Amino acid sequence: MSLKLTALLKSPWVFHLSTGSCNNCDIEIIDCLTPRFDIERFGMLLAGSIKHADVLLVTGSANRKCIPRIKRVYEQMPKPCFVVAIGECALSRGMFIHSYNCPVPIDHILPVDAYIPGCPPKPEAIIAGAVKLIEKVKNGTAKKAKNEK
Amino acid sequence: MAKTIVPIGPYHPLQEEPEFFKLTVEGERVVAIDVHVGYNHRGIEKISEMKTFDQSVYTVERICGICSTSHPFACVQAVEDIILMEVPDRAKYIRTIIAEGERIHSHLLWLGLAGHFLGYNTVFMWAWKLREEILDVMEILSGNRNNYAMFTPGGVRRDIKAEDIPVVLKKVDSILPTLDMLKKAVMDDPVLHARTKGVGILTRDEAISFSALGPTARASGVAKDVRKDAPYAAYDQVDWKMIVTQNGDVFDKLAIRVLETFESVKIMKYCLTHLPGGEIKERIKNIPPGEGIGTHEAPRGEVFHYVRSDGTNRPVRHKIRAPTYMNLPTYKATIIGETISDATIILAAIDPCYCCTERLAVRDMKGKKLFNGEDLVRLSQEKTMQLKKKMGF
């Protein structure tokens, strides 16, 4: 593993990107940061700007107005970076599969490394997913690890 | 002085959800605001028309995660309005308990975020820590932290077990001292007073002319609450008081939310101790053709649902109006003339929820032009004219 990845895994900063979700997953992500779950124990911190982030947490069933913006946000992220899809909507569009405004699931737009199912996933599930992502990067099987410049 | 445009969004650390504010500033003062929405539109009204009456309740639950009781509550009332049925007493009480639990967690969530916006991260952490206790209560009662899925046309799906009631009461009681401490810490803090008093004032007349709802209206002295005005469920059987303040500034909106939390705890405790026996659900055989409306006082204001049935098992039209839709235009009155540093808390003060609001987006084939309200009214009027001509009026 390269020095960049070793440093990244020590303290992966996350950026939260809502692509038209119902707020539930977003609240559970913020719940992870508050005293009961406290994901900061693992060095994870919610970054204010996408340019400071290592991991992108995507929630919601991407709608037509959001898709170009999601791509732009992803382009602005410093590489290497990883994408985690949170919630049923981001995984497969869930109940919005028949919606006229939600054409594709997130993994058709961005290279997703970890999927956390649930409507909404509990904070415990989100923490478990984050730990699995870290293991995946250590094994070298993560998608974006090869995108490193 | 030269005008500058400050864009906020669509993706901004300040916001939970994607939305776009265009603030025009002269020096430090905001002189104009433009709000662009549509990043959350998922076409729920259309999806709901594809589902049966039973399923559409869980569809509308996914409109908003924070108001995940309010929309089903209004929806089942609309369906019951078509049939003109009464739900059993026990179901009414259980509905009230769940709705008030949601109000407590929603107000605490807002209080935390408001503290965060003002630079009081301690308030943020305390409020959210307290909120976890309420989520535990909801998990005991409904089996889930957020989407409760308790409501169904004709009653509720899940009974409250007798052995759960003392546990829940104990937990609800245990949050009161911390809530009281938080109330004192927030309401007696001189810095918080300086930051929020006299900021973003919405006068009584403006609140009425903008048709503001919920805490936004009540903070401006408009005594408007569906729970008192047109009582439903068990609200007419419980003794509680509506909190109304007169100034309409950010501090009053904050105070209303904190004080309402205590009222909600009171309602919840009364309903839990006076829970009547009997059935929790009445069977619905079929839904006749007709139309019905349902309203519920969500944490942010009145939620309105309209359902039309043609006698089949699916609604032919399901119209939803969320409170933020009415509260959003009040920015025009509150934010103009304030400094850019106060803009954040004023934007947050109505407790906006964009995923509730976004029901319609119109644009041309190139995806560039977004119709505004005027265009929509013009289109609608033109259509009426055409129809009139066609029908020979």
Side-chain angles (χ1 to χ4, degrees), chain A residues 15-38 40 46-50 52-53 56 59-70 72-74 76 87-89 93-102 118-125, chain B residues 9-20 36-44 46-47 50-51 55 58-59 61-68 71 105-106 109 112-113 116 124-133 135-136 139 144-147 149 353-356 358 361 363 367 370:
Chain A
F15 184 79
H16 155 232
L17 187 79
S18 161
T19 65
S21 75
C22 74
N23 267 353
N24 242 340
C25 303
D26 317 329
I27 294 167
E28 295 294 50
I29 291 171
I30 299 182
D31 249 359
C32 290
L33 301 163
T34 51
R36 175 165 311 173
F37 300 102
D38 197 15
E40 267 186 60
L46 200 64
S49 165
I50 184 70
H52 300 159
L56 189 64
T59 60
S61 51
N63 73 18
R64 287 177 200 275
K65 196 170 177 179
C66 273
I67 290 171
R69 282 148 179 112
I70 300 167
R72 253 185 87 181
V73 166
Y74 182 73
Q76 289 178 10
E88 211 56 59
C89 296
R93 288 174 285 162
M95 59 174 278
F96 300 107
I97 196 153
H98 298 303
S99 169
Y100 53 81
N101 210 21
C102 306
C119 184
K122 293 181 91 173
E124 292 95 327
Chain B
Y11 292 105
H12 195 267
L14 157 72
Q15 302 153 332
E16 277 283 290
E17 306 158 79
E19 68 267 346
F20 182 61
H36 289 211
V37 289
Y39 300 96
N40 263 318
H41 180 74
R42 290 154 292 165
I44 289 204
K46 194 70 199 161
I47 295 173
M50 295 178 206
K51 311 262 181 195
Q55 292 168 333
Y58 315 117
T59 311
E61 200 166 66
R62 267 76 182 176
I63 288 176
C64 173
I66 316 173
C67 331
S68 62
H71 286 285
H105 102 69
S106 175
L109 184 148
L113 287 182
H116 174 65
F124 174 49
M125 291 296 173
W126 270 98
W128 281 62
K129 188 182 168 194
L130 201 56
R131 185 177 160 267
E132 287 297 327
E133 300 293 322
L135 291 184
D136 283 349
E139 203 170 357
N144 206 349
R145 281 162 58 91
N146 294 84
N147 290 335
C353 181
Y354 297 93
C355 42
C356 285
E358 291 176 4
R363 54 187 187 175
L370 197 77

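Order of the sequence lines fixes the chain letters, A, B, ..., with proteins taken first and strands second; residue numbering starts at 1 for each chain. Quantities reported herein were computed from a predicted structural model and do not represent experimental measurements. These values consider heavy atoms only, across backbone and side chains, with no hydrogens, waters or symmetry-generated copies.
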(request) Please identify each residue that fulfils salt bridge (charged side-chain N to carboxylate O under 4.0 Å, His left out) with Asp26(A), with sequence neighbours left out. (result) none
(request) Show your working on salt bridge (charged side-chain N to carboxylate O under 4.0 Å, His left out) between Glu88(A) and Arg62(B) and close with a plain yes or no. (result) CA-CA 11 Å; Glu88(A) 211 56 59; Arg62(B) 267 76 182 176; over 6 Å; no
(request) Identify which of Cys66(A), Cys102(A), Ala62(A), Cys89(A) forms the greatest number of heavy-atom pairs closer than 4.5 Å to chain B. (result)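 Heavy-atom pairs under 4.5 Å are most numerous for Cys66(A).
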(request) Return the option, out of Leu17(A), Val73(A), Thr59(A), with the maximum number of heavy-atom pairs under 4.5 Å with chain B. (result) Leu17(A)
(request) Check whether any side-chain heavy atom of Asp31(A) lies under 4.5 Å from a side-chain heavy atom of Arg131(B), and answer yes or no. (result) yes
(request) Report, as yes or no, whether the 6.0 Å neighbourhood of atom CZ on Arg72(A) holds more than 12 heavy atoms from other residues, nucleotides or ligands. (result) no
At a heavy-atom separation under 4.5 Å, does [X] approach chain B through its side chain, its backbone, both, or neither?
X	value
Thr19(A)	both
Cys25(A)	neither
Ile30(A)	both

(request) Specify whether Phe20(B) and His36(B) have parallel, tilted or perpendicular ring planes, treating 30° as the upper limit for parallel and 60° as the lower limit for perpendicular. (result)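 Judged by the thresholds at 30° and 60°, the geometry between Phe20(B) and His36(B) is perpendicular.
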(message) At a heavy-atom distance under 4.5 Å, which candidate from Glu132(B), Lys51(B), Met125(B) has the highest pair count against chain A?
(response)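 Going by pairs under 4.5 Å, I would pick Glu132(B).
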(request) Determine the sole option in Leu46(A), Leu56(A), Leu33(A) for which the side chain to side chain contact (heavy atoms under 4.5 Å, CB included) test with His16(A) is passed. (result)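 Answer after filtering Leu46(A), Leu56(A), Leu33(A): Leu46(A).
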(request) Below 4.5 Å from any heavy atom of chain A, which atoms of Glu133(B) appear? Answer side chain, backbone, both or neither. (result)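 The answer is both parts of Glu133(B).
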